[in-house]
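Okay, structure first, notes after.
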Amino acid sequence: MAGLSWQDSLKIIKQGTHEIIGEEDLIEKLKKADNGGLPLRVKLGLDPTAPDIHLGHTVALKKMREFQDLGHEAYLIIGDFTGRIGDPSQKSETRKQLTSEEVMENARTYQEQFGKILDPEKTHLVFNSEWFSKWAPEDFLTLASKYTVARMLERDDFEKRYREGKPISILEFFYPLLQGYDSIAIKADVELGGTDQKFNLLVGRQLQKEYGQTPQALVMTPLLEGTDGVQKMSKSLNNYIGINESPREIYGKTMSISDDLLESYITLTTDLSGEELDRVISELKNNKLNPLEAKKFLARRLVEIYHDRGAAQEAEQEFTRVFSRGSLPEDIPEKPIENEWLDEEGKINLVQLLSRLEMVSSNSEGRRLTKQGGVYIDGERAQDPNLVVKPKKGMIIRVGKRKFTRLQ
RNA sequence: GGAGGGAUGCCCGAGUGGCCAAAGGGAGCAGACUGUAAAUCUGCCGGCGCACGCCUACGAAGGUUCAAAUCCUUCUCCCUCCA
C-alpha cells in the first residue's frame, strides 16, 4: 500500500477511528514521510500484567496494522517498569508485582499473539524499563515538574474519585507521566489507543512539547463492549474473547453476544472492507439479514482470522450439533471413576458424583442444578438430588448446556 | 496535630439490636421458549449427605447482650474539614 498519497493514507487512518487529536500534525507528518522522509513511529502501549490479547485489544492492533501497511513502523511498549512497582490504590485487586522473568514470559506470549495481526518485520517490542531503570531520582522530579495537579485532575477517573472521596495515590499520577514519557523515549509520531486512554495519550503529547519534540498525533479507536454487553471487554471482568482461545470457544462466545452488539463487533473486529461492511450493516438494520445468520457469519469470520477456515467450519458444525440440535459434542472429556468413591454395591449419590468429577464447584451447587433440571445422565434428566447411581464406563453426564463428561 | 465520616456477599449498593445468609440492581448459572450460549419470562445465586438443622460471613481483634452487620473498646485502611 506504500506509494499512496498522504490524502489516501489519512482516509484509511480515519476509517473506524473514533477521534483524532492533532490531525494537522498528523497531516504534516504524513506529508513528510510521503516526501521520502522516514516512516512514522507509531506507538501502542500494552499492559504487562495480562498477556492474553483479546478482541478488545485487536481494535487498536488492527489500526496499527493499517499503519504498517502504509509503510510505517509499530512500537509496542510494554510498561514493565511501572508494572513492577504495582499500584497501591487498587489494593482490593492486589495487583501483583511482576518479576522480570514474568515480564519476559508475557512478552513472549505477546509476540506470539500479535503476529496474528501485525507485520513482524515492522514491529518493535520495547520495554519501558529500558530507560526508566536507568533514571536517577532527579529525572523523576524533572518529569513530575512538567505537570500540575489541576491538569491531572482533569482526567475523568481522577476527578470522579476525588469528588467521591475515593483514594488516589501519588503513584497513580505518575502513570500518565511515565507513559507519556515513553512517547518521548521512542520519539513517537503517532500514538494509538482506545478512547478510554485519551487522557494518558494527551499527557504524552503535552510532555513531548515540554521536551522539545513535535507532539504525537493521537488516533483513538472505539472501545469494544465485552460479551456481557455491559462493560468494556476486559480480562478481569471475564467478558472477553481471547484470540488464543480454541475455535470452539471463539465461536461459542461470539454466538453468546447479544444481538445489539452485532454491529459494533462486525465493525470493529472483522476485516471486512468498507463497502462490504456497509452492506452487511445496512442489511442487518433493515432486517434483510437475520441476526442469527449475521452472528454465525461473525463467529465464523473470527475463527478464520485467528485459526483457519477449516477450524471455522468445524466449530460451526459443532455448535449446531450441540446447541441447535441438542446432540452430543464431538469430543467429550473423559474422567475415570475411582473405586473409593463407590459403596459396596458400586453406587454413589448423584450430587457426590458431580462434585467428584469436578463438574460442579460444591455439593450445594450440584444439588441446585439437579433440582433445576440441569443434570442429565445419558441424555435423561435426573431431577432428584438424592438419586443414587451406579456409574458405568461410557456413561455420559451432562451438567447445564455445555459441560459434558464421559466416564471411563 | 485536631474534629468528623466510612469500610457490607463477584461488582455496585440498602440495611443502625432480634423478622438478616443479609433489600435492590448488574454479572453469573439453570429452566421454559426461541432464531443462537440472542431477546423475553421464571427460578437459583456461602458451605455442609441440606425441605424448618448446623457451620462460616458484613475491614481485624476483643467485649456488652438471651440475641450484633447493627452497641462499646482497640487496631488497620480510606475520605473530608481545620492546622
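Protein chains get the first letters and strands the later ones, always in sequence-line order, with residue 1 at the start of each.
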Exercise for the section: Tell me which residues in residues 329-355 of chain A put a heavy atom below 4.0 Å from RNA chain B, sorted by number, or none. Expected result: none
Practice task
With P as the reference atom in both, quote the distance from B/rG4 to B/rG43 in angstrom, rounded to an integer.
Solution key: 47 Å
Handout entry: Pairwise C1' distance for B/rC79 and B/rG9, with rounding to whole Å
Key = 23 Å
Exercise for the section: Answer with yes or no after comparing the ring centroid distance for A/W135 and A/F81 against a 6.0 Å cut-off, counting only values under it. Expected result: no
Exercise for the section: Searching all strands shown, indicate the nucleotide that pairs with B/rA23 (Watson-Crick or G-U wobble; both distances under 3.5 Å). Expected result: none
Any N/O pairs under 3.5 Å between the protein and nucleotides 35-38 of chain B? List them or say none.
{"from": "B/rG35", "atom 1": "N1", "to": "A/D259", "atom 2": "OD2", "distance (Å)": "3.4"}
{"from": "B/rG35", "atom 1": "N2", "to": "A/D259", "atom 2": "OD1", "distance (Å)": "3.4"}
{"from": "B/rG35", "atom 1": "N2", "to": "A/D259", "atom 2": "OD2", "distance (Å)": "2.9"}
{"from": "B/rG35", "atom 1": "N2", "to": "A/L292", "atom 2": "N", "distance (Å)": "3.4"}
{"from": "B/rU36", "atom 1": "O2", "to": "A/M255", "atom 2": "O", "distance (Å)": "2.7"}
{"from": "B/rU36", "atom 1": "O2", "to": "A/K295", "atom 2": "NZ", "distance (Å)": "3.4"}
{"from": "B/rU36", "atom 1": "N3", "to": "A/K295", "atom 2": "NZ", "distance (Å)": "2.7"}
{"from": "B/rU36", "atom 1": "O4", "to": "A/D259", "atom 2": "OD1", "distance (Å)": "2.5"}
{"from": "B/rU36", "atom 1": "O4", "to": "A/D259", "atom 2": "OD2", "distance (Å)": "2.9"}
{"from": "B/rA37", "atom 1": "OP1", "to": "A/F323", "atom 2": "O", "distance (Å)": "3.4"}
{"from": "B/rA37", "atom 1": "O2'", "to": "A/S256", "atom 2": "N", "distance (Å)": "3.4"}
{"from": "B/rA37", "atom 1": "N1", "to": "A/R402", "atom 2": "NH1", "distance (Å)": "3.1"}
{"from": "B/rA37", "atom 1": "N3", "to": "A/R402", "atom 2": "NH1", "distance (Å)": "3.2"}
{"from": "B/rA38", "atom 1": "O4'", "to": "A/K295", "atom 2": "NZ", "distance (Å)": "3.1"}
{"from": "B/rA38", "atom 1": "O2'", "to": "A/D259", "atom 2": "N", "distance (Å)": "2.8"}

Exercise for the section: Could you give the distance separating B/rA30 and B/rA22 at their C1' atoms, to the nearest angstrom? Expected result: 24 Å
Problem - G-U wobble or Watson-Crick pairing nucleotide for B/rC29 (cut-off 3.5 Å, both distances) - result: B/rG43
Exercise for the section: Would you confirm whether the ring centroid of A/F323 sits within less than 6.0 angstrom of the ring centroid of A/F319? Expected result: yes
Handout entry: Watson-Crick or G-U wobble partner of B/rA69, both distances under 3.5 Å
Key = none
Exercise for the section: Determine the Euclidean distance between corresponding C1' atoms of B/rA57 and B/rG2; express it in Å to zero decimal places. Expected result: 36 Å
Measure all distances between protein nitrogen or oxygen atoms and nitrogen or oxygen atoms of nucleotides 44-47 of chain B, and list the pairs falling under 3.5 Å.
{"from": "B/rC44", "atom 1": "O4'", "to": "A/Q372", "atom 2": "OE1", "distance (Å)": "3.2"}
{"from": "B/rG47", "atom 1": "OP1", "to": "A/S362", "atom 2": "OG", "distance (Å)": "2.9"}
{"from": "B/rG47", "atom 1": "OP2", "to": "A/R368", "atom 2": "NH2", "distance (Å)": "2.7"}

Problem - Atom P, compared across B/rA69 and B/rA61: separation rounded to whole Å - result: 13 Å
